[in-house]
Amino acid sequence: MLTTARRAVQRAPQAAAHPHPVQATVVAFITATNAFDIESALALFSPTAVIDDPSTGGTFNRHAGVRDYLERFFLGYHTVTRLLSLEGLDDVRARARVDFTGDFGHEIGLLLVAVDSAGRISRIDAELE
């Protein structure tokens, strides 16, 4: 059975002829978090991944930290993310501009996403505009 995130990758418009290698992963991450599917979102991350998000006051390390981040800031605030733009930077990095809405209100943010050699998210550097 396909996970929510994997189904999203198959339907993603970026899955055209020659997509940027990181775009499908970014779309899958947003789809999983919008569905509040923490397990599918977490499966997209390397076990040693790091999320650095100064707006939360912290850095979140490894799967345990990533899970904490997702549960606190996506589930906890009912955060829904809309992708505004997605730019491939090189074979392992992409920059996404996103619109976050949730119990906190509304924010526009940037996500710099890097993946490892297996295509799993190894790092997200997040910032608000």
Side-chain angles (χ1 to χ4, degrees):
M1 175 181 281
L2 294 173
T3 66
T4 302
R6 299 227 190 275
R7 285 191 302 268
V9 169
Q10 290 178 342
R11 291 192 306 258
Q14 291 82 4
H18 298 289
H20 183 274
V22 185
Q23 287 181 336
T25 301
V26 172
V27 170
F29 171 71
I30 291 171
T31 300
T33 58
N34 283 348
F36 306 108
D37 185 348
I38 299 303
E39 295 307 317
S40 290
L42 192 60
L44 296 168
F45 284 83
S46 159
T48 59
V50 174
I51 297 177
D52 185 13
D53 186 347
S55 73
T56 66
T59 300
F60 302 83
N61 298 297
R62 308 183 71 76
H63 267 186
V66 171
R67 177 184 295 280
D68 179 42
Y69 179 83
L70 297 172
E71 289 176 350
R72 287 171 54 192
F73 301 108
F74 285 85
L75 279 178
Y77 288 101
H78 305 105
T79 301
V80 174
T81 307
R82 183 169 58 99
L83 184 61
L84 300 175
S85 65
L86 182 56
E87 173 189 10
L89 301 175
D90 56 34
D91 287 347
V92 296
R93 295 181 309 136
R95 180 183 300 116
R97 186 168 183 259
V98 295
D99 181 350
F100 294 115
T101 56
D103 295 344
F104 53 86
H106 170 266
E107 297 283 353
I108 301 291
L110 295 172
L111 304 174
L112 181 60
V113 180
V115 298
D116 65 12
S117 60
R120 297 170 301 183
I121 298 169
S122 59
R123 184 174 183 90
I124 295 178
D125 290 291
E127 65 180 62
L128 298 177
E129 288 187 351

Under 3.5 Å: donor-acceptor pair, side chain of [X], backbone of [Y]:
X    : Y    : result
T79  : G102 : no
N61  : G65  : no
S122 : A49  : no
T33  : I30  : yes

query: Hey, any chance L128 and V98 share a hydrophobic cluster, counting ILVMFWY side chains that come within less than 4.5 Å of each other, even indirectly?
result: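 Result: yes, single cluster for both.
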Minimal non-hydrogen separation, [X] against [Y], with atom names:
X   : Y   : result
A41 : L70 : CB-CD1, 3.9 Å
H63 : L42 : NE2-O, 3.6 Å
G88 : Q23 : N-NE2, 4.4 Å

- request: Using the six-membered ring wherever Trp is involved, compare the ring planes of F73 and Y69 and label them parallel, tilted or perpendicular (cut-offs 30° and 60°).
  value: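 Tilted.
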Reference residue V113; test side-chain contact (heavy atoms from CB on, under 4.5 Å); the match among D125, I51, V26, L44: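 Of the listed options, the one satisfying the test is V26.
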- prompt: Salt bridge between E39 and R67, side-chain N to carboxylate O under 4.0 Å?
  reply: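 Salt bridge between E39 and R67, a charged N being under 4.0 Å from a carboxylate O: yes.
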query: Do E129 and R97 sit within salt-bridge range, that is, some charged N less than 4.0 Å from a carboxylate O?
result: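 Yes, charged N to carboxylate O under 4.0 Å.
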field: Pairs touching residues 107-129 that satisfy ring-ring contact (aromatic ring centres under 6.0 Å, His included), sequence neighbours left out
entry: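 Not a single pair qualifies under ring-ring contact (aromatic ring centres under 6.0 Å, His included).
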Ring centre gap for F45 and F29 strictly below 6.0 Å: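 Here the rings of F29 and F45 have centres that are less than 6.0 Å from each other.
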